[in-house]
**Student:** 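After the structure tokens below, expect a handful of questions from me.
All values derive from a computational prediction rather than experimental measurement.
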Amino acid sequence: MKIYNTLTRKKETFSPLEEGHVQLYVCGITSYDYCHIGHARSGLVFDMVVRYLRYRGYKVTFVRNFTDIDDKIIARAAEQGVDSGKLAERFIDEFYTDMDALGALRADIEPKATEHIQEMIELIQELIDKGLAYPAGGDVYYRVGKFPDYGMLSGRKLEDMQAGARVDVNEQKEDHMDFVLWKGAKPGEPKWESPWGEGRPGWHIECSAMSRKYLGKNFDIHGGGKDLIFPHHENELAQSVGANACSFANLWMHHGFVTIKDEKMSKSLGNFLTIRDVLREYPAETLRFLIFSTQYRNPLDFSETALQDAQTGLDRMYDCLAQISRLVLAAETGSDSLIGQKDQKKIQSMRQRFEKAMDNDFNSAQALGHLFDGIKVLNKVCRMLAHQQGSAEDLELLKQAGATIQELAGLLGVLQQDPVQYFQEKKEALLAASSLSEEEINALIAERNAARQNKDWAASDAVRDTLLAHNIELHDGPDGTSWGVKA
RNA sequence: GGCGACGUAGCCAAGCGGUAAGGCAGAGGUCUGCAAAACCUUUAUUCAGCGGUUCAAAUCCGCUCGUCGCCUCCA
């Protein structure tokens, strides 16, 4: 497997420190508001990473933290006149609601910053003892100039940053680039006891402390969004390497942003959609499908059209599976195989091609492409077998192909419903929103069929138009007329 | 100003030195009384532009243009 490493700026062959066991730390949310689509991407990307690594036979220890104490939380709580701890807790619950709705697996360990204050204090003390940090006026700062590798992750030099720096003037810092490890408490703010007085941890220290506690000083993969590279991950790296005097995460994975009209979706721009905004209009599976139709490092432009395209594509996949399951149940078998060698090969190589794509830095877009490629062949085969008897082996191949597609798509968390049921439920949901009942529709169809018997095409078409006006589409097939609701 | 990423058909998106996957939309066909739906087939001599390296470049190098991101909280 190859994974792109932000630290080295290239794809590297992945091999965990401990044979067969991957240790993964991902930066989770700061819990003060509902999650938006960007958080969904983050959650889903690492959900896929974990699922795929496990599929590949690795044991995965997946840690994802919650930042439940922070300036933004305090500010929001003050705004709303609620306790900051309660606010943080509430939005952690909301996070779970959303991630569960998206079908994302939970992390194995989900540490909260406020439950690891002691570990952070110890780490800060170590840094002070090593001369890498200094207390000043109730705060403690990291002495960036003492860490020669500062900037190695984000690829920037201290001098360059200072030149155009937009950092707030802080008289207590020895250097403008120094960052805070511990913040002295102002009146009324949440606080904890520490050797430097009452206060709370800075943002970056929690990840250094918690990753060390749960995964050790040196572990395999550290992940998050691209916006965390600087300063968050750069600072984490400085803290951990500084304190532990050994490598920190061997590989850094950063996913791209969700954009709207090519601009980053963010709170400050106000152009964000929450996960629940989207889930009100579209199934979670559709959102997942959309997110995985772009490789995780590239930007993903979010739009209504993109969502609809994803929905159409997903329906097409389900339709193929539904055809297969109907055929497998109903078809009679003969002795001659109808599936050509080339098609057989395409079908059978699906898994291998999917794996190759995923092995290449989790290229889910290409992996889905291979699945569609297989579906095209399977559709052709289904059509053939619907008209002529194929061999028992033909049906077995179809059945296995359907199961394989569902298994592989499951690594992306899509295509997990029973296909026949999927369309049935969809139909019911749409019908519920329609102005006609099933009985009325059936009565109208009977009426039209009578007209068709009499070759009264005008009357027949009038009924069809009436139904269409209510979003009901008729499908005339060899076995009679069925109907569906137009989406 | 510093650093970085990206620019592939109408739209989305793979491609990582060997001659352009896939999806959506479009066009033709099968089916149909006609349709619709579904399915099948098809759609880039060319990868922002210009140079260079190479037997061979969308892929490597340089420059130009454009878009975006980070440098401040951010997934």
**Student:** Between B/A21 and B/C16, how far is it from one C1' atom to the other, in whole Å?
**Tutor:** 15 Å
**Student:** Is A/R316 positioned over the aromatic face of A/F372, cation under 6.0 angstrom from the ring centre and no more than 45 degrees off axis?
**Tutor:** no
**Student:** Please give, in whole Å, the distance from B/C3 P to A/L158 CG?
**Tutor:** 15 Å
**Student:** What I want to check is whether the side chains of A/T259 and A/D301 have a donor and an acceptor closer together than 3.5 Å.
**Tutor:**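 Present: a donor and an acceptor within the cut-off.
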**Student:** Checking base pairs now: Watson-Crick or wobble, both atom distances under 3.5 Å. What partners B/A9?
**Tutor:** none
**Student:** How does protein reach along nucleotides 10-23 of chain B, written 5' to 3' as B (base within reach of a heavy atom under 4.0 Å), S (only sugar-phosphate), or - (no contact)?
**Tutor:** ---SSSB----BSB
**Student:** What distance, rounded to whole Å, do you find between the two C1' atoms, one in B/A14 and one in B/A20?
**Tutor:**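 Looking at atom C1' only, B/A14 and B/A20 are 10 Å apart.
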**Student:** Taking the six-membered ring of A/F179 (Phe, Tyr or Trp), confirm whether the NZ or CZ of A/K173 is under 6.0 Å from its centre and within 45° of its axis.
**Tutor:** no
**Student:** Do side-chain atoms of A/Y318 reach the backbone of A/Q417 as a donor and acceptor pair under 3.5 angstrom?
**Tutor:**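 Yes: the side chain of A/Y318 pairs with the backbone of A/Q417.
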**Student:** Tell me which nucleotide, if any, is Watson-Crick or G-U wobble paired with B/U19 when both distances must be under 3.5 Å.
**Tutor:** none
**Student:** Could you tell me how far B/U8 sits from B/G23 if I compare only their C1' atoms? Round to whole Å.
**Tutor:**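 About 15 Å, rounded to a whole number of Å.
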**Student:** Under 3.5 Å, is there a donor-acceptor pair between the A/N449 and A/Q453 side chains?
**Tutor:** no
**Student:** Quick one: look up who B/G62 pairs with, Watson-Crick or G-U, both distances under 3.5 Å, and put none if it's unpaired.
**Tutor:** B/C50
**Student:** Using atom names, set out every protein N or O paired with an N or O of nucleotides 33-36 of chain B below 3.5 Å, distance rounded to 0.1 Å.
**Tutor:**
{"unit_1": "B/G33", "atom_1": "O6", "unit_2": "A/S460", "atom_2": "OG", "d": "3.2"}
{"unit_1": "B/G33", "atom_1": "N1", "unit_2": "A/D461", "atom_2": "OD1", "d": "3.0"}
{"unit_1": "B/G33", "atom_1": "N2", "unit_2": "A/D461", "atom_2": "OD2", "d": "3.0"}
{"unit_1": "B/C34", "atom_1": "O2", "unit_2": "A/R464", "atom_2": "NH2", "d": "3.1"}
{"unit_1": "B/C34", "atom_1": "N3", "unit_2": "A/R464", "atom_2": "NH1", "d": "2.8"}
{"unit_1": "B/C34", "atom_1": "N3", "unit_2": "A/R464", "atom_2": "NH2", "d": "3.2"}
{"unit_1": "B/C34", "atom_1": "N4", "unit_2": "A/R464", "atom_2": "NH1", "d": "3.0"}
{"unit_1": "B/A35", "atom_1": "N6", "unit_2": "A/D476", "atom_2": "OD2", "d": "3.0"}
{"unit_1": "B/A35", "atom_1": "N1", "unit_2": "A/D476", "atom_2": "OD2", "d": "3.3"}
{"unit_1": "B/A35", "atom_1": "N3", "unit_2": "A/R464", "atom_2": "NH1", "d": "2.8"}
{"unit_1": "B/A36", "atom_1": "N3", "unit_2": "A/L474", "atom_2": "O", "d": "3.0"}

**Student:** To the nearest Å, how far apart are A/F292 CZ and B/C24 C1'?
**Tutor:**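 Checked: the CZ to C1' distance equals 20 Å.
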**Student:** Is the cationic atom of A/K10 (NZ for Lys, CZ for Arg) positioned less than 6.0 Å from the six-membered ring centroid of A/Y4 and within 45 degrees of its normal?
**Tutor:** no
**Student:** P atom, B/C63 versus B/C6: distance in rounded Å?
**Tutor:**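 B/C63 and B/C6 have their P atoms separated by 16 Å.
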**Student:** Can you tell me the distance, in whole Å, between the NE2 atom of A/H233 and the C1' atom of B/C71?
**Tutor:**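 Rounded to whole Å, this separation is 16 Å.
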**Student:** Is A/R156 positioned over the aromatic face of A/F230, cation under 6.0 angstrom from the ring centre and no more than 45 degrees off axis?
**Tutor:** yes
**Student:** Please measure how far the P atom in B/U59 lies from the corresponding atom in B/G52, and state the result in whole Å.
**Tutor:** 14 Å
**Student:** Give the nucleotide from the list B/C40, B/C71, B/G69 with an atom nearest to the side chain of A/E263.
**Tutor:**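 The closest nucleotide is B/G69.
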**Student:** Could you please name the partner base of B/C3, counting Watson-Crick and G-U wobble pairs only when both distances are under 3.5 Å?
**Tutor:** B/G69
**Student:** With ring-ring contact (aromatic ring centres under 6.0 Å, His included) as the criterion, how do A/F62 and A/Y25 come out once you've worked through the C-alpha distance, each side chain's angles and the decisive distance to 0.1 Å?
**Tutor:** CA-CA 6 Å; A/F62 174 26; A/Y25 187 96; 9.3 Å; no
**Student:** Quote, to the nearest angstrom, the P distance that separates B/G49 from B/G7.
**Tutor:** 13 Å
**Student:** Which is true for A/H255 with a 4.0 Å heavy-atom rule: it touches a base, it touches only sugar-phosphate, or it touches nothing?
**Tutor:** base
**Student:** Should B/A44 form a Watson-Crick or G-U wobble pair with both distances under 3.5 Å, which nucleotide is its partner?
**Tutor:** none
**Student:** Counting distance only, does the side-chain N/O of A/R353 pair as donor-acceptor with the main-chain N or O of A/K346 below 3.5 Å?
**Tutor:**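 Checking the backbone N and O of A/K346 against the side chain of A/R353, a donor-acceptor pair under 3.5 Å is found.
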**Student:** Within the pair A/K261 and B/U67, is there a side-chain N or O less than 4.0 Å away from OP1 or OP2?
**Tutor:**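 It does not, given that no N or O in the side chain of A/K261 lies less than 4.0 Å from OP1 or OP2 of B/U67.
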**Student:** Roughly how many Å apart are B/C55 and B/U19, using the C1' atom of each and rounding to a whole number?
**Tutor:** 13 Å
**Student:** Could you go through the side-chain hydrogen bond (donor to acceptor under 3.5 Å, both in side chains) check for A/H254 and A/H233 one step at a time?
**Tutor:** CA-CA 10 Å; A/H254 292 101; A/H233 287 165; 2.7 Å; yes
**Student:** Using atom C1' in both nucleotides, what's the gap between B/A35 and B/G29 to the nearest angstrom?
**Tutor:**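 Their C1' atoms lie roughly 16 Å apart.
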**Student:** To the side chain of A/P231, which of B/C70, B/G69, B/C73 is closest?
**Tutor:**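 The listed nucleotide nearest to A/P231's side chain is B/C73.
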